[in-house]
Amino acid sequence: MRFDAAAAVLTVLDQTRLPFEVAYLHAHSAADCVRLIRDMHVRGAPLIGLVAAAGMAIAARCDSSDRALAVAAAHLLDSRPTAVNLRWALQRMQQGLAGVAIGDRAETAAALLLQLERMEYDCCERIAGHGYELLRQRAQQRGGDAPLQVLTHCNAGWLATGAWGTALAPLYRAALEGLPLHVWVDETRPRNQGARLTAWELAQAGIDHTIIVDNCAGHLMQRGLVDLCIVGSDRTTRSGDVCNKIGTYQTALAAADNGIPFYVALPSSTIDWELDAGADIEIEARDPGEVLQQDGQCANGDAASVRMANPGSRALNYAFDVTPARLVTALISEHGVYQANSVSLGLLRAALQSAAKDRFVGVEPL
Ligand code: MRU
């Protein structure tokens, strides 16, 4: 994404058009940013947070009164319910603007947005390093020259973060380091973020990959064809329960049954310190039409939307599920690798609180 502070315009890649077309969209208001998030032109927890923050920066340029900013923040917060990065980014913006004179708020908001972007970039880079170390160790443990077989779900790459990505960041680093690698890409029904977005990203980076239907993951694991799984997260509780794209839970179950490490890569902005149990996370229910109907491209290049199901039948479309902490081998954060439990995450929180003092001068660590 790119934010033009002088014109107060946000430009983003339209992810609904990928992989068939690279097209950009412009947001001129907070309401435009709400639409970008709600209609999934932008998606992925960290990017949703950044676009919401950009919405606040645009709002501050139009009317930076307390009331106007509160209204903008409420609308942005409502755009999608599950990814906690949205609330995190909005709180950062609101806290950072609270003590600032109204006339200076537009400039401050643009500076805060830039800080958040840099922070996400930094997180991705650090996650890449910590995650790569785990991949390298797994390859060593397994031995031989065959490529490391990694399975991922949904899209947690640069499209979802604006930087290297979270789950894909260690894979990009591994490719740069010359570690032989092959990625099993879960298609990720119903919106196909794996088949459309992750596959597109990996192809751009020249990383060998194969798209599989979501139901195939367990079978591959039973056959010894997966060395480790790595996924992102939309909200992780302080006890280590991980909410991520629907289907993550059953992938983790299959990994546990087959003794395969199941890693979750996430920036700390994805941890909800207010929640203990994953069962308390609000799970977004999207339009059932996404299950019944699929968008794609015809052989002649025309866009098409086709029916997938029995006409007249109902569908249910939960967008996320919760993987209990006991199924998660470890959480890969920007501060290192942590166990998915409240004691270990307490240590992460302490590390964050001291780092935040340096990063966000004048803003209380959350
Ligand atoms: O519905 P989406 O496409 O926004 O869901 C995205 C995911 O589930 C990702 O795995 C998650 O946001 C992590 S992105 C670094």
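Residues take their numbers from the sequence shown, with the count starting at 1. Note that ligands are numbered from 1 as they come in the structure, with each ligand's atoms numbered from 1 the same way.
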Numbering as shown, the atoms of ligand 1 that approach [X] to under 4.0 Å (heavy-atom distance):
| X | value |
| --- | --- |
| N244 | 7 (C), 8 (O), 9 (C), 10 (O), 11 (C) |
| M40 | 1 (O), 2 (P), 3 (O) |
| A45 | 12 (O), 14 (S) |
| S233 | 11 (C), 12 (O), 13 (C) |
| T161 | 15 (C) |
| A160 | 14 (S), 15 (C) |
| Q193 | 1 (O), 2 (P), 3 (O) |

Between [X] (side chain) and [Y] (backbone), is there a donor-acceptor pair under 3.5 Å?
| X | Y | value |
| --- | --- | --- |
| E120 | A163 | no |
| T188 | D186 | yes |
| D321 | Y249 | yes |
| W273 | R349 | no |
| D4 | A7 | yes |
| D287 | E290 | no |

[X] contact mode with ligand 1 (heavy-atom cut-off under 4.0 Å):
| X | result |
| --- | --- |
| A156 | both |
| L47 | neither |
| R191 | neither |

Separation between CD of Q115 and CG of L113, rounded to the nearest 0.5 Å: 10.0 Å
With a 4.0 Å cut-off on heavy atoms, is [X] touching ligand 1?
| X | value |
| --- | --- |
| A83 | no |
| R80 | yes |
| A319 | no |

Give yes or no for whether the N/O distance cutoff of 3.5 Å, strictly under, is met between [X] and ligand 1.
| X | result |
| --- | --- |
| I48 | no |
| T166 | no |
| G44 | yes |
| R43 | yes |

N-O pairing of [X] and [Y] below 4.0 Å:
| X | Y | value |
| --- | --- | --- |
| D272 | R235 | yes |
| D122 | R118 | no |
| E284 | R286 | yes |
| R105 | D66 | yes |

Top protein contact for atom 7 (C) of ligand 1, by heavy-atom distance: D234 OD1, 3.2 Å
For atom 5 (O) of ligand 1, the protein heavy atom that lies nearest, with its residue and separation: K245 CE, 3.3 Å
Side chain proximity check, I37 to V42, heavy atoms < 4.5 angstrom: yes
